[in-house]
Amino acid sequence: EIAPEIAPEIAPEIAPEIAVEIAPGDALSGDLAVDVAAAFLVEALRRDETVNATLSVAPRAAGGVPRGGLDDEFLKLVGPEIMRLPLGTLSPPEVTQWLRQWGRGFLRQGRGLTTPVQVVDVPGGVMLRFMTTGTGYDDADASADDKWSEPITPAIPKGGDPDGALLLLAEAGPVPGAARLRVTRAEMGEGTLVKETSESTVLSRLERDLRGLKERSRK
């Protein structure tokens with residue numbers, strides 16, 4: 001066992017040598033060299049992101065420290081993060097505006113989720129806040145060429161309490177050329193359940209529609 005109080009003195013020297021990938025939960029597997037595992041443990045003891053977090057770690061296939069460094073790897077534990085997509089040539093400000101409009105698509109009749117949501121603009125993107133009660137809507141996918149500029153008739157959930165959320169954020173990334181869209185869970189208080197079906201719907205539509213946005217931007 002490594003005492004947490006010694007970690008700040010050791011970690012700065014060894015942290016740059018830790019060539020690992022981190023994921024929330026048990027998504028990763030792989031054999032770590034003993035020295036790498038020990039170094040990672042010392043580094044993890046220093047991090048606020050690891051408090052009450054469940055994580056897995058594996059060697060990075062290409063070796064070396066990831067582009068954003070270990071700070072960007074540990075960032076995945078905040079929320080935790082459940083998706084990360086590159087923006088390509090799109091800029092974070094334009095994707096931020098697109099996300100806010102895109103999120104309101106879940107308020108359209110026939111495009112809602114199994115769990116009703118409130119849609120809230122936040123810096124860098126949008127929050128989809130799940131509600132405990134209210135009327136959900138048929139979860140039918142629209143065609144890939146939806147026009148986001150079309151008027152939306154809101155269908156607001158009736159009553160209910162906040163019950164977890166998803167944050168969708170467009171970011172410049174830790175280094176030039178690394179702009180990305182990140183999705184994290186939020187407002188996950190004790191006893192809050194993961195909305196697996198609704199999350200899956202959000203993530204699949206987001207990946208599909210962001211791909212369409214990229215294709216249109218290249219024309």
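Quick note: numbers below take in every heavy atom, side chains included, and nothing from hydrogens, waters or symmetry partners.
- Across all their heavy atoms, Ser217 and Thr89 have their closest contact at OG-OG1, 4.2 Å.
- The shortest side-chain heavy-atom distance between Leu75 and Glu49 does not fall under the 4.5 Å cut-off.
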Step-by-step side chain to side chain contact (heavy atoms under 4.5 Å, CB included) determination, Glu73 to Arg60: CA-CA 11 Å; Glu73 288 295 302; Arg60 290 192 64 82; 3.7 Å; yes

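- Minimum interatomic distance between Ser198 and Thr114 (heavy atoms only, all atoms of both residues): OG-OG1, 2.9 Å.
- With contacts defined as side-chain heavy-atom distances shorter than 4.5 Å, the pair Asp209/Leu213 does not qualify.
- Taking the side chain as every heavy atom from C-beta outward, Pro59 and Leu32 approach each other to under 4.5 Å.
- A side-chain donor-acceptor contact under 3.5 Å links Glu94 to the backbone of Ser91.
- Shown here for Arg129 and Ala165, the closest heavy-atom pair between the two residues is CA-CB, 3.8 Å.
- Pairs of residues two or more places apart, or lying in two chains, never qualify as side chain to side chain donor-acceptor pair (under 3.5 Å) while including a residue from residues 18-30.
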Would you tabulate the side-chain donor-acceptor contacts of residues 166-174 under 3.5 Å, counting partners in other chains and residues two or more places apart, or write 'none'?
unit_1: Glu171; atom_1: OE1; unit_2: Arg180; atom_2: NE; d: 2.8
unit_1: Glu171; atom_1: OE1; unit_2: Arg180; atom_2: NH2; d: 3.2
unit_1: Glu171; atom_1: OE1; unit_2: Arg182; atom_2: NE; d: 2.9
unit_1: Glu171; atom_1: OE2; unit_2: Arg182; atom_2: NE; d: 3.2
unit_1: Glu171; atom_1: OE2; unit_2: Arg182; atom_2: NH2; d: 3.1

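- Remark: the backbone N or O of Arg47 is paired with a side-chain donor or acceptor of Thr50 at under 3.5 angstrom.
- Take Asp121 and apply the side chain to side chain contact (heavy atoms under 4.5 Å, CB included) test, not counting sequence neighbours, and it matches Arg100, Arg104, Val126.
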Evaluation steps, side chain to side chain contact (heavy atoms under 4.5 Å, CB included), between Trp98 and Leu90: CA-CA 11 Å; Trp98 176 79; Leu90 299 173; over 6 Å; no

Worked verdict on Arg205 versus Phe106 for side chain to side chain contact (heavy atoms under 4.5 Å, CB included): CA-CA 11 Å; Arg205 288 187 192 175; Phe106 291 107; 3.0 Å; yes

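- Screening Glu81, Glu196, Glu199 against Arg185 for a salt bridge (Lys or Arg N to Asp or Glu O under 4.0 Å) leaves a single residue, Glu199.
- Criterion: ILVMFWY side-chain heavy atoms under 4.5 Å apart, direct or through other members. Under it, Val78 and Ile82 are not part of a common hydrophobic cluster.
- Leu70 CG to Ile22 CD1: the interatomic distance, rounded to the nearest 0.5 Å, is 6.0 Å.
- Rounding to the nearest 0.5 Å gives a distance of 7.0 Å between NZ of Lys219 and CD of Glu215.
- The heavy-atom pair separating Leu113 from Thr201 by the smallest distance is CD2-CG2, 3.6 Å.
- Once rounded to the nearest 0.5 Å, the distance linking CG of Leu77 with CG of Leu55 reads 5.5 Å.
- In this structure, CE on Met131 lies 9.0 Å from CG on Asp163, to the nearest 0.5 angstrom.
- Distance CG/Leu203 to CZ/Arg208: 12.5 Å, rounded to 0.5 Å.
- In this structure the side chain of Leu210 never reaches within 4.5 angstrom of the side chain of Trp102, judged on heavy atoms.
- In terms of heavy-atom proximity, Leu99 sits nearest to Gly124 at CD1-O, 4.4 Å.
- By the rule that hydrophobic residues join a cluster once side-chain heavy atoms approach within less than 4.5 Å of another member, Leu107 and Met127 end up as members of separate clusters.
- Here the side chains of Glu43 and Phe74 are in contact, with some heavy-atom distance below 4.5 Å.
- In terms of modelled atom types and a separation under 3.5 Å, the side chain of Ser56 and the main chain of Gly25 share a donor-acceptor contact.
- Residues Leu206 and Leu181 have side chains in contact (heavy-atom distance under 4.5 Å, counting atoms from C-beta outward).
- Nearest heavy-atom pair across Leu193 and Lys195 is O-NZ, 2.6 Å.
- Using a 4.5 Å heavy-atom cutoff, the side chains of Thr184 and Pro80 are not in contact.
- Here the side chains of Met83 and Glu207 are in contact, with some heavy-atom distance below 4.5 Å.
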